[in-house]
Undergrad: 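Below is one structure. I have some questions about it.
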Amino acid sequence: MSEIIKQTLVSDLLSGVSVLAQHGTLPAVLTDVTADSRKVLLDCCFVAIAGSRVDGHEFIDSAIEQGATLIIHQSKCEKYTEGVAYLQVADSAEVFGRMVGNLYGNPSRHLKLVGVTGTNGKTSVATLLYHLVELMGEKAGLISTVENRIHTEVEPTAFTTPAPHELQELLARMVAAGCRYAFMEVSSHALVQRRVAGISFAGGIFTNLTRDHLDYHGTFQAYRDAKKLFFDMLPPSSFALSNLDDPNGTFMLQNCKARKEYYSLTNLAYVKCELVSQDLEGMQLRLNGVDLYLMLLGRFNAYNISAVYGAACLLGFETTEVLRVLTLLRPVRGRLEYIKMAGRVGIVDFAHTPDALEKVLDTLTTILPRGANLIGVIGAGGDRDAGKRPLMAAAAIKYCQKLLLTSDNPRHEKPEDIIAQMYEGISEEQHAKVYCITDRREAIRMAVALSKKGDFVLVAGKGHEAYQQIGDLKHPFDDVTELRLALEQI
């Protein structure tokens, strides 16, 4: 890669970049573009970005000392170093994304790339689209919370939406592998931080919007507006597919230049879906008048499938073939993943917001055998939106006959403090139904021990994650494995 980077012309790197002011003579070539002063190479471009915690403008001198010959800055510079060029821009984060795209040859232009944003359902919709397109004989890529895929190659992932360098490299590898399609989750953090700047999207999907990430965005309106940024950036050649039943479904597409379409379970739309029936094995849907049985469960998955079907049709796939392949799809890992053992059903799900948790529990209640109990194990992540913690417990206790509050990923908070905040959502009359157990493994074991034959035990919050983060360390921990072991020992 370094040989390619060393041959990159500055004129190519700055393609599409608007400059407010210039000081000094631009170098002819650059070795790299980075927003991290610790990664500056000789003859490198350093982009100073003012983040929420650190202002990159404070590290301009350090970047120059390490060999940077071009500085991109948003705030005015107080001084200039001889032999270094400076370009002032309106939005340095936006420029950084575009320059990194130029560095990698703008691979998204060679893909039919669809982005998925919303609070819940992003992973399921993106992953189901990937599998659908692969089953239809096309090579596809996937960038998701659970994993990244380049056709058949599977890689672990650290972030929902990677940073610009990692994102562009992934897309470039997809193109090199012969992928024609790609599907990615687009997080609100990534949109505010302009990580997808310069990316060419063939389409965008909005799933839903409920409370989440207020620790970062501050207010629900700011969170909502961050999501809308995605649809504002879509070009007229793309499509925008939105959930008409969500209160923010039409708002997201206001002033959107793309082709606008909707999917719905309650209104007439481009995709009209009806949930006919469901059981533990799957559900029957009526999709634009056609009945089909799918190996997924829940009203929320009816919405996910509607989005998948609509996007596939908008991408140009033949309708009848799309309907056939939909029946072959399997649930995404860690999303209503269940184990039938010892006469009980253990379920693991990633639900970690009040809305997502309520939807999962409501689904399970509709298929729970008569006389059986629903037992829940939930936690809340540390260093995240604390305001949703009592709301999650309040949502869960409405459905669970017994509820165990426990650790999720406490990170730098005390698990006992997080559990205490969740407990505030429990009324005095409900106290007898609730247990507080800090150790997540013990909480899962106790939930199973409290169950009888026919009962459902839901372990929510971590889903696909194979670790528990305590402080800065990630310790091996898998809810599916722990739940299976507890059921084996009952």
Side-chain angles (χ1 to χ4, degrees), residues 16 97-98 101-102 104-118 121-144 147-154 160-162 164 166-186 190-191 195-207 230-242 253 256-263 270-271 304-326 329:
R98 290 188 178 278
N102 292 335
Y104 284 88
N106 295 300
S108 61
R109 297 178 185 175
H110 306 284
L111 293 163
K112 290 186 177 181
L113 175 64
V114 176
V116 186
T117 197
K122 296 187 300 295
T123 300
S124 292
V125 171
T127 304
L128 291 170
L129 271 167
Y130 162 82
H131 285 296
L132 181 136
V133 170
E134 284 274 332
L135 287 168
M136 295 183 79
E138 295 281 357
K139 291 183 179 180
L142 172 68
I143 300 173
S144 80
E147 62 190 10
N148 297 327
R149 287 178 174 252
I150 302 172
H151 186 33
T152 56
E153 183 182 349
V154 184
T160 299
T161 308
E166 290 76 14
L167 176 56
Q168 294 287 357
E169 183 184 16
L170 272 169
L171 295 172
R173 289 170 58 200
M174 290 174 190
V175 172
C179 297
R180 294 181 58 211
Y181 298 86
F183 307 96
M184 67 176 286
E185 296 182 50
V186 182
L191 289 162
R195 288 185 225 160
V196 292
I199 299 282
S200 297
F201 286 96
I205 299 171
F206 171 69
T207 57
F230 177 53
F231 299 97
D232 292 346
M233 67 179 279
L234 293 177
S237 58
S238 66
F239 68 81
L241 180 63
S242 183
L253 304 196
C256 176
K257 301 180 184 69
R259 173 183 173 181
K260 296 183 279 288
E261 300 290 356
Y262 295 91
Y263 59 95
Y270 178 74
V271 178
N304 292 339
I305 285 295
S306 298
V308 169
Y309 174 72
C313 293
L314 289 166
L315 284 170
F317 289 99
E318 201 274 320
T319 302
T320 305
E321 182 65 6
V322 172
L323 289 168
R324 182 189 70 81
V325 177
L326 284 176
L329 297 178

Undergrad: With a 4.5 Å cut-off on side-chain heavy atoms, are Phe239 and Leu315 touching?
TA: yes
Undergrad: Rounded at 0.5 Å granularity, tell me how far OG1 in Thr117 sits from NZ in Lys122.
TA: 6.0 Å
Undergrad: May I have all residue pairs that pass salt bridge (charged side-chain N to carboxylate O under 4.0 Å, His left out) and include part of residues 127-136, sequence neighbours excluded?
TA: none
Undergrad: Compare every heavy atom of Met184 with every heavy atom of Leu167, then report the nearest pair and how far apart it is.
TA: CD1-CE, 3.9 Å
Undergrad: Would you mind telling me which of Leu129, Thr127, Leu128 makes a side-chain contact (heavy atoms from CB on, under 4.5 Å) with His131?
TA: Thr127
Undergrad: When rounded to the nearest 0.5 angstrom, what is the spacing between CG in Leu253 and CG in Asp232?
TA: 9.5 Å
Undergrad: Quick one: side chain to side chain contact (heavy atoms under 4.5 Å, CB included) partners of Glu261, sequence neighbours excluded?
TA: Leu241, Arg259, Tyr270, Leu314
Undergrad: Please give me the minimum heavy-atom distance between Val186 and Thr161, naming the atom from each residue.
TA: CA-OG1, 3.5 Å
Undergrad: With sequence neighbours left out, write down each residue that passes salt bridge (Lys or Arg N to Asp or Glu O under 4.0 Å) with Glu321, or none if nothing qualifies.
TA: Arg324
Undergrad: Indicate the atoms forming the closest heavy-atom contact of Gly198 with Ser108, along with that distance.
TA: O-OG, 4.2 Å
Undergrad: Is the ring pair Phe231/Phe206 parallel, tilted or perpendicular, if the boundaries are 30 and 60 degrees?
TA: perpendicular
Undergrad: Taking the side chain from Ser238 and the backbone from Pro235, do they hold a donor-acceptor pair closer than 3.5 Å?
TA: yes
Undergrad: Should Ile199 and Gln168 be marked as a side-chain contact (heavy atoms from CB on, under 4.5 Å) after you check the CA-CA gap, both sets of side-chain angles, and the distance that decides it?
TA: CA-CA 9 Å; Ile199 299 282; Gln168 294 287 357; 3.3 Å; yes
Undergrad: Keeping to residues at least two apart or across chains, list the salt bridge (charged side-chain N to carboxylate O under 4.0 Å, His left out) pairs with something in residues 107-117.
TA: none
Undergrad: Can you run down the salt bridge (charged side-chain N to carboxylate O under 4.0 Å, His left out) pairs that involve residues 174-185, sequence neighbours left out, and say none if there aren't any?
TA: Glu138-Arg180
Undergrad: Rounded to the nearest 0.5 Å, how far apart are CG of Leu111 and CZ of Phe183?
TA: 10.0 Å
Undergrad: For Val125, is there any backbone N or O sitting under 3.5 Å from a side-chain donor or acceptor partner on Tyr130?
TA: no
Undergrad: Taking all non-hydrogen atoms of both residues into account, name the closest pair between Cys179 and Gly141 and its distance.
TA: SG-N, 4.1 Å
Undergrad: For a quick test of reading the model, state the closest non-hydrogen atom pair linking Gly204 to Val114 and the distance between them.
TA: N-CG1, 4.5 Å
Undergrad: Considering residues at least two apart in sequence or located in another chain, which fulfil the side chain to side chain contact (heavy atoms under 4.5 Å, CB included) criterion with Thr319?
TA: Tyr309, Cys313, Leu323
Undergrad: Quick one, Met174 and Leu113 - any side-chain contact, counting heavy atoms below 4.5 Å?
TA: no
Undergrad: Nearest heavy-atom pair of Pro162 and Leu170: which atoms, and what distance?
TA: CG-CD1, 4.1 Å
Undergrad: Go through it in stages, so that I can follow the logic: the residues are Val322 and Met136, the test is side-chain contact (heavy atoms from CB on, under 4.5 Å), and I'd like the CA-CA distance, side-chain angles, deciding distance and then a yes or no.
TA: CA-CA 8 Å; Val322 172; Met136 295 183 79; 4.0 Å; yes
